Colleague: 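There's a structure below that I have some questions on.
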There are 2 protein chains.
Amino acid sequence: MKEGPDIAHVAALIGDPARANILTALMSGKALTATELACEAGIAAPTVSGHVRKLMGGGLILGCSQGRHRYFQLAGPHVANLLEVMMGFAAAQGYLRTRPGPRDPALRAARVCYRHLAGEAGVRMYDSLMGRGFLALAPDGLSLTTQGEDFLVSCGLDLTGVNKARPPLCRNCLDWSERRFHLGGSLGRGLMDFIFQKGWATQLPRSRVVHFTQKGRRTFEKMFPL
Amino acid sequence: MKEGPDIAHVAALIGDPARANILTALMSGKALTATELACEAGIAAPTVSGHVRKLMGGGLILGCSQGRHRYFQLAGPHVANLLEVMMGFAAAQGYLRTRPGPRDPALRAARVCYRHLAGEAGVRMYDSLMGRGFLALAPDGLSLTTQGEDFLVSCGLDLTGVNKARPPLCRNCLDWSERRFHLGGSLGRGLMDFIFQKGWATQLPRSRVVHFTQKGRRTFEKMFPL
DNA sequence: AGAACGCTTTGTTCTGCACCAAAATATGCC
DNA sequence: GGCATATTTTGGTGCAGAACAAAGCGTTCT
């Protein structure tokens, strides 16, 4: 006994329904204020305050004050990754939230995972890039090939900006609904931003659902054929 | 809100210290009786009984009765994987168990992760196999190459037995202490068994620590050079 | 300056649950 | 059959912590 890391502490932090709701809400990648979180989790403001303090203590989220607002966000992609693994497990066990919400199919179709594209659209993008040799899988991680660079630049993506962002550039991120990988890392974030900037899709308010326009979806599928 | 899987339920299950101890003990891959678990987790037998019932309800462990004993084990490698990810996170946050035990360095050197080799020795084996082209990383998972098959057979491993075991054959498993991948899946289990059968190493009682003999370590390092 | 807003602290209530003792049930051994 | 061992059920105790109301700070707007 008494071997290894203390998983009970972290798990207990995630294990409270209210805190789990807060974390799920933050999976959108957006920084939210305390009142927004209160609304999201269905609890009063003081209760949120107590919870975020604990979550910060556990290194799961970060808070920064701006004026009279205080924004909270996940502490990083590693937290998002942990949550996705847990979601994958819970989904596999059939522990979907009490009565899957009306947006559930939309959520499976396309959603934002921390800050990159997930769901069917996410794995499609990943598979397309991989299938054309634009991404390469090495033992030490995922990487963008030179052909991949050329392709993305030719599409109008600002690669220099992406390269300057926080590494790693590419990251395998396990998708809970598809049970396959999609693209994370700064390139994943860059491509998500690209899609929003092009107006192909928008993110529904107070939700992780990514809604493609009809035209946007067509263009997206042309850019990432299977 | 009310989107996606219910992570709170699973997390709460893992979040109780006693249950976390039970799960950690079962990470050895061995099936343990209720009384053994009671000793391991430092609680009374009736308390264990309540806990295992909940863990079974959550799909985390399985129980099977044999005579007047009842053995419990993890529900599968996916559970072990989830736990390893949580351990990785907890370790990264510095949440090591209150005062790292005396066996902590040994645990990092070589331990059993569910049923395969983890720790420094585990990633060494993985890197060695990968570096010589015996394992191949594909988008749809890890696979054993034909050269890899030849090599393992020439070493005396019973590949037909391994192939008959529950798939997948190869699996990436993230190592919490090394923060890199080691080999899971039925091949990972087969290699662990192989090492024990050859007498290169033994598993310390009531522990996940794998102790190599001096000679065993030399032979192991010769079989898996870097 | 005063009012309005956003968040946190304090204090209190209350539910949930981990825990064990004792009794009940099940299995194996002689 | 009767005793020993292993596990589960039942019942009761006690504590941890989740929740909110009310009050306390701090910032912004007019």
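Predicted model only: the values in this text are computed from it and were never measured.
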Colleague: Near DNA chain D, which residues from residues 56-64 of chain A have a heavy atom under 4.0 Å away?
Modeller: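 The answer is none.
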Colleague: Test side chain to side chain contact (heavy atoms under 4.5 Å, CB included) on A/I61 and A/L23; report intermediate values, then the result.
Modeller: CA-CA 8 Å; A/I61 68 173; A/L23 291 169; 3.8 Å; yes
Colleague: Applying side chain to side chain donor-acceptor pair (under 3.5 Å), name anything that partners B/E178, two or more places apart in sequence or on another chain.
Modeller: none
Colleague: Extract from the structure each pairing of a protein N or O with an N or O of nucleotides 28-30 of chain C at less than 3.5 Å, listing the distance.
Modeller:
none

Colleague: Look at all strands and tell whether B/S65 reaches a base, only sugar-phosphate, or nothing, counting heavy atoms closer than 4.0 Å.
Modeller: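 If one applies the 4.0 Å heavy-atom cut-off, B/S65 turns out to touch nothing in the nucleic acid.
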Colleague: Evaluate the side-chain proximity of B/R208 to B/T24: yes if any heavy-atom separation is below 4.5 Å, no if none is.
Modeller: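 Answer yes - side chains close enough.
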Colleague: Can you list everything that forms a side chain to side chain donor-acceptor pair (under 3.5 Å) with B/D127? Sequence neighbours excluded, please.
Modeller: B/R180
Colleague: Above 12 or not: heavy atoms from other molecules or residues under 6.0 Å from CZ of B/R171?
Modeller: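 Yes - once you tally the heavy atoms of other residues, nucleotides and ligands closer than 6.0 Å, there are more than 12.
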Colleague: Taking five pairs at each end of the helix from C/dA1-D/dT30 to C/dC30-D/dG1, what angle separates the two helix axes (nearest 10°)?
Modeller: 30°
Colleague: Tabulate below the donor-acceptor pairs under 3.5 Å that side-chain atoms of residues 182-200 of chain A make, not counting sequence neighbours, or state none.
Modeller:
from   : atom 1 : to     : atom 2 : distance (Å)
A/H182 : ND1    : A/D175 : OD2    : 2.7
A/H182 : NE2    : A/H116 : NE2    : 3.3
A/R189 : NH2    : A/R166 : O      : 3.4

Colleague: Find the distance between CG (A/N172) and CG (A/L142) and round it off to the nearest 0.5 Å.
Modeller: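 So the gap between those two atoms works out to 5.0 Å.
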Colleague: Rounded to the nearest 0.5 Å, how far does CE of B/M223 lie from CG of B/L129?
Modeller: 7.5 Å
Colleague: Please tabulate, for side-chain N and O atoms in residues 76-86 of chain A, each donor-acceptor pair with protein atoms closer than 3.5 Å (sequence neighbours left out).
Modeller:
from  : atom 1 : to     : atom 2 : distance (Å)
A/E84 : OE1    : A/W176 : N      : 3.2

Colleague: Just list the side-chain donor-acceptor pairs under 3.5 Å for residues 41-48 of chain B, sequence neighbours left out, or say none.
Modeller:
none

Colleague: When rounded to the nearest 0.5 angstrom, what distance separates CG in B/D16 from NE2 in B/H51?
Modeller: 4.5 Å
Colleague: How would nucleotides 17-25 of chain C be written as a contact map, 5' to 3', with B for base contact, S for sugar-phosphate-only contact and - for no contact, using protein heavy atoms under 4.0 Å?
Modeller: -SSBBB---
Colleague: Which residues satisfy the side chain to side chain contact (heavy atoms under 4.5 Å, CB included) test with B/A12, sequence neighbours excluded?
Modeller: none
Colleague: Just the endpoints, please: which first and last nucleotides of DNA chain D, 5' to 3', lie under 4.0 Å from a heavy atom of chain B?
Modeller: D/dA4 to D/dT9
Colleague: Measure the distance from CZ on B/R70 to P on C/dA26 and round it to the nearest whole Å.
Modeller: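 Those two atoms, CZ and P, are 13 Å apart.
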Colleague: Any salt bridge (Lys or Arg N to Asp or Glu O under 4.0 Å) pairs touching residues 47-68 of chain A, not counting sequence neighbours?
Modeller: none
Colleague: Roughly how far, to the nearest 0.5 Å, is CG of A/L26 from CG of A/L74?
Modeller: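 Output value for this atom pair is 5.0 Å.
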Colleague: Decide yes or no on side chain to side chain contact (heavy atoms under 4.5 Å, CB included) for A/K30 and A/Y71, but give the supporting numbers first.
Modeller: CA-CA 9 Å; A/K30 283 188 284 200; A/Y71 289 96; over 6 Å; no
Colleague: DNA chain D: B/G50 or B/H69, which has the more 5' nearest nucleotide?
Modeller: B/H69
